[in-house]
Amino acid sequence: MNAPIRYAEALLTGLLGTFGLDIEYVRADKNTLYYLDETGTEVPVLDLVGGWGSLMLGHNHPEIVAYAKELLDTGWPVHSQHSSHPVADRVGAVLNDILGREFPGAEPYPIIFANTGAEAVEAAVKHCEFDRVLRMKSLFEQIEWNADVALNAVRDGVAALPDDTSLLPGDVPAPTGPEEFAALLGAVAAHNVARAGTTPVFFALERAFHGKLVGSTQFTYNPLFRAAFASLGSTVTFVPPNDAGAFEKIVSEQRVTVLDVEVVEGRVTLVERAFPVIAGLIVEPIQGEGGIHELTVEFATRIRRICDEIECPIVVDEIQTGMGRTGKFFASAHIGLLGDYYVLGKSLGGGIGKTSVMLVRQSRYRPEFELVHSSTFAKDGFSTAIALRTLELLEAEDGAAYDRAAERGDRILGMLRELAEEFSDVVADVRGRGLLIGLDFADQSNASSPIIREKARAGLLVFQLGSYLQTAHHIRTGPTASVPTMLRIEPSIEISDEEIEQLRTGLTQVCRILRHQDAMTLIHPLTGAGASARPEIADFRPAAAEASAPTEPADHRVGLVGYPLTPDALREFDPSLADLDDARLLAYARRSELLKDLPASGPVRFTSPQGTSVDLTVYPLLVTQQQLREYQVSGQTFLIGLDLDRRVRGAKADGCDTVGLGFGLGAVGGHGRALRVPGVTVTAGSALAVGSALAAVRHAATERFGGLDGLTVAVVGAGGRIGSAIAAIGAREAARIVLVGSGRPGSAERLQATEHRIYQESWARIAAGGELTGIAAALFAEPLIAGWLAEGRAGDEPSGQAIAAYLADSRESDPFVVVADDLLPVRNAHVVFTAHSSPVSVLDEKHLTDGAIIGDLSFFGTGAESTVAASRDDLLYVRAGVLSVSTGGILPPGLSVSPSADELPAGAAEAITLALSGGGSTGDGAITRERVDAIVELAKLHGFETVLR
């Protein structure tokens, strides 16, 4: 097993690991990559990613490898900058020969080398702007010359003064003499200088991808790659592909002119000249990363004409489409688009070298560009030699490689179109030319399988499909950068008929999985299991449902960020997972840790007896109880906090004004206090959880002991927010409180704070007068308390710490509050509340006295302590923090807290209650009895009742 990646793109590698794609390959040949399995045996994988288009000739082409070895063995100079490079010139000569063949009559194209495709794009953009600036300089020099000629003509009396100054902004009178004419020329110059600062205009196509460097990313359409860096580079106007009319309209809107003077038939006249504001248009003949979309011949013809009219250079990006991949060396030759610039890369290095080039039409080339643009590694001796050898191999046998690319591509496209016809409900389109192919799947964002639906909505479905192809069929495919439903297929010309059939088999299974919504088959290889849990793809398509009449909108919308998932919940959530055992399901959840969001479920309508209604939408997280526990123990709760914040903001975007957090999520998310989303009330249901837990346990204690009065009550997890509140409020009835913490750093301080709170609130009750119960009644007899009463000490004066210190000094042990970081004192408790953060039971039979009551309020879902309760008949187990709904069940399948459909957790009940009551803050302070009583009564008003067992 590989060691975790720590430094080299750890996040990306972790994301790949989610899909089982974090494989270390050890060997490559043609279209095959090899990795070692657990036994050290090589496993072949059909590689259809093809180095993102860099492997036109396949992995480790033997002639290129042999030539590379020869170069290195003979000591061929790699770095000999500032010297003659005849090999680089020969690369340029071969490329010019190819240009002349595919575009007869094309003029020569000088060549500039770069290292990568994105750098070649940047070089082209720089040259476009360099050329534009020089054209602008030449224009202004001509205007200056014309002004001087006109002024001398006026002074010599051979030219009349201009009588029309309407082209100048403002009210500029016609000049009456040479001096006024000179002033008018100054106004013309000022006007032109202002225009000279106009930002250059670049055009690119929607869906375009031209790289991710600072400059090239400005020309990449997808905002995911561009938006954060928009202020760092050129402003680019994107135009619709294959819509020349739209391009022509946008071009006309960008028109800028400057003023000039000319002498015509003895009179000086003001005229407008086109100002070179448009610097260039960059296009891909086939938009690869944008979804394998080909430009049309009609579009190519019209943009060439438009650009010629406005002197706008066209940069043809052939980085991915060039080198023969589409059946011709230049894909633009298919549509007759002759560019002013060409950029090539990827396969130019033959799968070994890293090199790219920019070609510039001779009539537009600026030789002085070579003095302002350079690169340490561009045009190095090794890469250019490899590039030349690659071109020789492609051109061999009259370009047989291009014919093979076309033939192999047609074979694959034919197979995919047969598949699309058979699975027309699953395959939306097949697009491509030659060996640049895309298989576009139908949108699955409303799939009946939540697993498939979640991946589609997250834009990761093709990763999941690629994961299945990789792990189940040993086929490596890739996505396109901007189309989340497309698998890209980009093999070398060496792909065989057998490999194409291997691809057919794998894709047929993928289509069946999507048609039948069998998520288990899709994710099974990621669960750590061997053979499939069942041999055949099963059909989980839902039966056709009758359309329901639309209902009126609810008064409020409520979100519930879902609870940590258990295996049973996952099976109920997606029935196709039923054949996976607990270990496999948890392994899948663990592997998917970086992708915590499952699709939202609902909305489900809840109507209060008071007549108001809410629509509840659940936003589940694919996180197990154990994972959340690890976040808490490791002190990395901020990580889950980021996920909670994202889901809360998503709920707000969906119109929710109140959002509840599930058990466990509240514990690691600061009970909602750390989530600051304007306009949204966030609650973890803490107050209602405390109130319903106390009510349920009080009911059980009444049946068994006649009430809580005089009993010893233990709270496991008393240092937490909920545990502290239960202890403090329970102390109003119980004779003794046992506070148990985790023993982790900070636990002792939190328990001490709870102890002081109990004593502080007890003193406040004593000072207020009236009937006393619980610990306050026992404290009343203490001399310290009597003295304070005699002094008239105020009830709100800080006193909890003083009482604790007094009892520690005057007693061998505190008779009222016991603080411990172990479970031994629990043995004396009649009632034990569990408000801990462990996903498994922490209690044991030895910790519980005969006939004890267990109120299970563990943070990570009820039921953690049910096992120990079931081991003894004398124990009474109470599910705490659960409420029933008088109008029936409202939580979607897989997200309830019990088999009963009409029960839901306090987090959901409190969120609904708050929404029905107009929302408002849940408060950041302590959970007081007053606050608990208020929310319990409010919940009752809206139909919620505490579940007593």
Within the structure provided, determine whether Asp579 and Leu577 are in side-chain contact (heavy-atom separation under 4.5 Å). no
Contact summary for Lys346 and Trp52, nearest pair of heavy atoms: NZ-O, 2.9 Å
dist Asp47:CG -> Leu55:CG (nearest 0.5 Å) comes out at 7.0 Å
Stepwise, does the side chain to side chain contact (heavy atoms under 4.5 Å, CB included) test hold for Glu289 with Arg488? CA-CA 9 Å; Glu289 304 294 350; Arg488 176 166 55 176; 2.6 Å; yes
For Thr74 and Leu71, indicate whether the former's side chain and the latter's backbone hold a donor-acceptor pair under 3.5 Å. yes
With rounding to the nearest 0.5 Å, note down the distance linking CZ in Phe209 to CZ in Phe219. 14.0 Å
Pairwise side-chain contact, Leu413 with Val430, heavy-atom cut-off 4.5 Å (strictly under): yes
Does the side chain to side chain donor-acceptor pair (under 3.5 Å) test come out yes or no for His79 and Asp380, once each step is laid out? CA-CA 6 Å; His79 298 295; Asp380 73 85; over 6 Å; no
Please name the pair of heavy atoms, one in Ala387 and one in Thr355, separated by the smallest distance, quoted to 0.1 Å. CB-CG2, 4.1 Å
How about Tyr588 and His524: are their ring centroids closer than 6.0 Å? no
Do Thr13 and Asp22 get their side chains close enough for a donor-acceptor pair, meaning under 3.5 Å? no
For the atom pair CE (Met486) and CG (Asp429), what is the distance rounded to the nearest 0.5 Å? 6.5 Å
Are the side chain of Ser383 and the backbone N or O of Lys379 linked by a donor-acceptor pair below 3.5 Å? no
Side-chain donor or acceptor of Ser54 paired with backbone N/O of Gly50 under 3.5 Å: no
Say whether, by atom type as modelled, one donor and one acceptor occur between the side chain of Asp317 and the main chain of Glu284 under 3.5 angstrom. no
For a 4.5 angstrom cut-off between non-hydrogen side-chain atoms, does Gln464 reach Ile523? yes
Taking Thr116's backbone N and O only, do any of them form a donor-acceptor pair with Ser356's side chain (distance below 3.5 Å, no angle check)? yes
Which is it for Arg476 and Leu46 under the side chain to side chain contact (heavy atoms under 4.5 Å, CB included) test, yes or no, and what are the steps along the way? CA-CA 6 Å; Arg476 185 171 185 255; Leu46 173 59; over 6 Å; no
So for atom CZ, which belongs to Phe463, do other residues, nucleotides or ligands contribute more than 12 heavy atoms lying within a distance under 6.0 Å? no
Distance (rounded to the nearest 0.5 Å) between Leu522 CG and Leu461 CG: 7.5 Å
Show, in sequence, the C-alpha distance, side-chain angles and deciding distance for Leu36 and Glu42, and conclude whether the side chain to side chain contact (heavy atoms under 4.5 Å, CB included) test is met. CA-CA 5 Å; Leu36 302 179; Glu42 278 192 344; 3.7 Å; yes
Test your reading of the model: is there a side-chain donor-acceptor pair from Thr480 to the backbone of Gly290, 3.5 Å cut-off? no
Using the side-chain hydrogen bond (donor to acceptor under 3.5 Å, both in side chains) rule, collect all pairs that involve residues 408-423, keeping only residues at least two apart or in two chains. Arg408-Asp497, Arg411-Asp497, Glu418-Arg504
Criterion side chain to side chain donor-acceptor pair (under 3.5 Å) on Thr32 and Asp29, from CA distance to verdict: CA-CA 5 Å; Thr32 305; Asp29 176 59; 5.9 Å; no
Could you walk me through whether Val357 and Val343 pass the side chain to side chain contact (heavy atoms under 4.5 Å, CB included) check? CA-CA 6 Å; Val357 297; Val343 286; over 6 Å; no
Are any side-chain N or O atoms of Gln509 and backbone N or O atoms of Gly506, one a donor and one an acceptor, separated by less than 3.5 Å? no
Specify the closest pair of heavy atoms between Gly349 and Thr390, including all atoms of both residues, with the distance to one decimal. C-OG1, 4.0 Å
For the pair Ser216 (side chain) and Leu213 (backbone), establish whether a donor and an acceptor sit closer than 3.5 Å, ignoring hydrogens and angles. yes
Answer with yes or no whether the side chains of Glu294 and Gln287 bring together a donor and an acceptor at under 3.5 Å. no
I'd like to know if the side chain of Thr471 and the backbone of Ser467 have a donor-acceptor N/O pair within less than 3.5 Å. yes
Measuring only between side-chain heavy atoms, which start at C-beta, is Asp539 closer than 4.5 Å to Asp518? no
If you measure from CD1 on Ile513 to CD1 on Ile537, what distance do you get to the nearest 0.5 Å? 4.5 Å
Provide the closest heavy-atom pair for Leu394 versus Met56 in the form atom of the first, atom of the second, distance. CD2-CG, 4.0 Å
Is Ser347 reaching over with its side chain to a backbone N or O of Gly350, donor-acceptor style, under 3.5 angstrom? no
I'd like to know if the side chain of Asn115 pairs up with that of Ser375 as donor and acceptor (distance under 3.5 Å, no hydrogens or angles considered). yes
Set out, in order, the CA-CA distance, both residues' side-chain angles and the distance that settles salt bridge (Lys or Arg N to Asp or Glu O under 4.0 Å) for Arg571 and Asp582, then state yes or no. CA-CA 10 Å; Arg571 292 187 191 98; Asp582 288 4; 2.4 Å; yes
Considering all heavy atoms, the nearest Val483-Gly291 contact: CG2-CA, 3.5 Å
With side chains defined as the heavy atoms from C-beta onward, is the minimum distance between Glu24 and Tyr35 less than 4.5 Å? no
Kindly indicate, with the supporting measurements, whether the criterion side chain to side chain donor-acceptor pair (under 3.5 Å) is fulfilled by Glu318 and Thr321. CA-CA 5 Å; Glu318 295 264 14; Thr321 59; 2.6 Å; yes
Could you give all pairs that pass the ring-ring contact (aromatic ring centres under 6.0 Å, His included) test and reach residues 400-427, with sequence neighbours left out? none
Leu503 side chain reached by Leu507 side chain, heavy atoms, under 4.5 Å: yes
Rounded to the nearest 0.5 Å, what separates atom CD1 in Ile489 from atom CG in Leu436? 10.5 Å
Exercise: identify the closest heavy-atom pair between Thr217 and Phe225: OG1-O, 2.8 Å
Passes side chain to side chain donor-acceptor pair (under 3.5 Å), Asn222 versus Thr220? Steps please. CA-CA 6 Å; Asn222 191 335; Thr220 293; over 6 Å; no
Measure from NZ or CZ of Arg207 to the centre of the six-membered ring of Tyr221 and say whether it is under 6.0 Å with the direction within 45° of the ring axis. no
Tyr468 and Thr521, any side-chain heavy atoms less than 4.5 Å apart: yes
Is the closest side-chain heavy-atom distance between Ile286 and Thr326 below 4.5 Å? yes
